[in-house]
Amino acid sequence: MPLPELADDHARRALASAAQWLGIGVAAVPVLDLADRAGLFVLLVSPELLELSVLWPLLQIAFFVGLGVAASALLRRHRPTARSWFFVGCVTPVAIFTLHGGLRLSAAVALIALSFAFVQLRLAREAPPLA
């Protein structure tokens with residue numbers, strides 16, 4: 001494989017990885033907080049405690065997972081010059097929520113995922129948009 005094609009392939013993979021980590025980082029704080037507040041982690045150990053009261057938190061979790069997937073898909077399709085602004089726009093609410101709520105496990109997971117996304121995004125700074 002010639003060197004320019006290898007570099008393009010590496011940039012495309014880095015962009016795809018950045019998009020995946022961004023989606024995880026955007027969704028991590030609300031999903032983990034809602035799951036903890038609703039007692040969904042207890043249901044993993046004892047599923048016989050399942051009640052109808054967990055349907056609303058599950059719908060909220062599905063909404064935030066959808067936001068993470070949408071952020072991931074949009075980052076893949078942005079022009080190289082607009083990706084950094086989109087990334088900052090996605091990171092800002094997570095950072096404000098972390099500063100307001102304190103450093104919890106969900107915030108730590110989100111910040112780690114967003115750090116990985118930032119590194120991969122820097123590697124893919126000239127990659128063309130993915131379809």
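- Pairing each heavy atom of Ala107 with each of Val29, the nearest pair is CA-CG2, 3.9 Å.
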Could you list the donor-acceptor pairs under 3.5 angstrom formed between side-chain atoms of residues 85-98 and any protein atom two or more places apart in sequence or on another chain?
{"from": "Thr92", "atom 1": "OG1", "to": "Val88", "atom 2": "O", "distance (Å)": "2.6"}
{"from": "Thr98", "atom 1": "OG1", "to": "Val94", "atom 2": "O", "distance (Å)": "2.8"}

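- Rounded to the nearest 0.5 Å, atoms CD1 (Ile24) and CD1 (Ile112) are 11.5 Å apart.
- Residue pairs satisfying the side chain to side chain donor-acceptor pair (under 3.5 Å) criterion with at least one member in residues 60-72, sequence neighbours excluded, are absent.
- The heavy-atom pair separating Val26 from Ala71 by the smallest distance is CG2-CB, 4.3 Å.
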Just list the side-chain donor-acceptor pairs under 3.5 Å for residues 113-125, sequence neighbours left out, or say none.
{"from": "Ser115", "atom 1": "OG", "to": "Leu111", "atom 2": "O", "distance (Å)": "2.8"}
{"from": "Arg125", "atom 1": "NE", "to": "Arg122", "atom 2": "O", "distance (Å)": "3.2"}

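- For residues 87-103, no pair satisfies salt bridge (Lys or Arg N to Asp or Glu O under 4.0 Å), with sequence neighbours left out.
- Distance CG/Leu15 to CZ/Arg77: 10.5 Å, rounded to 0.5 Å.
- Taken to the nearest 0.5 Å, the CG atom of Leu59 stands 11.0 Å off from the CG atom of Leu34.
- Sorted by first and then second residue, the side chain to side chain donor-acceptor pair (under 3.5 Å) pairs involving residues 16-40 (not counting sequence neighbours) are Asp33-Arg104, Asp33-Ser106.
- Taking Ala82 as the reference, His78, Arg79 meet the side chain to side chain contact (heavy atoms under 4.5 Å, CB included) condition, with sequence neighbours excluded.
- Pairing each heavy atom of Ala28 with each of Val109, the nearest pair is CB-CG1, 4.0 Å.
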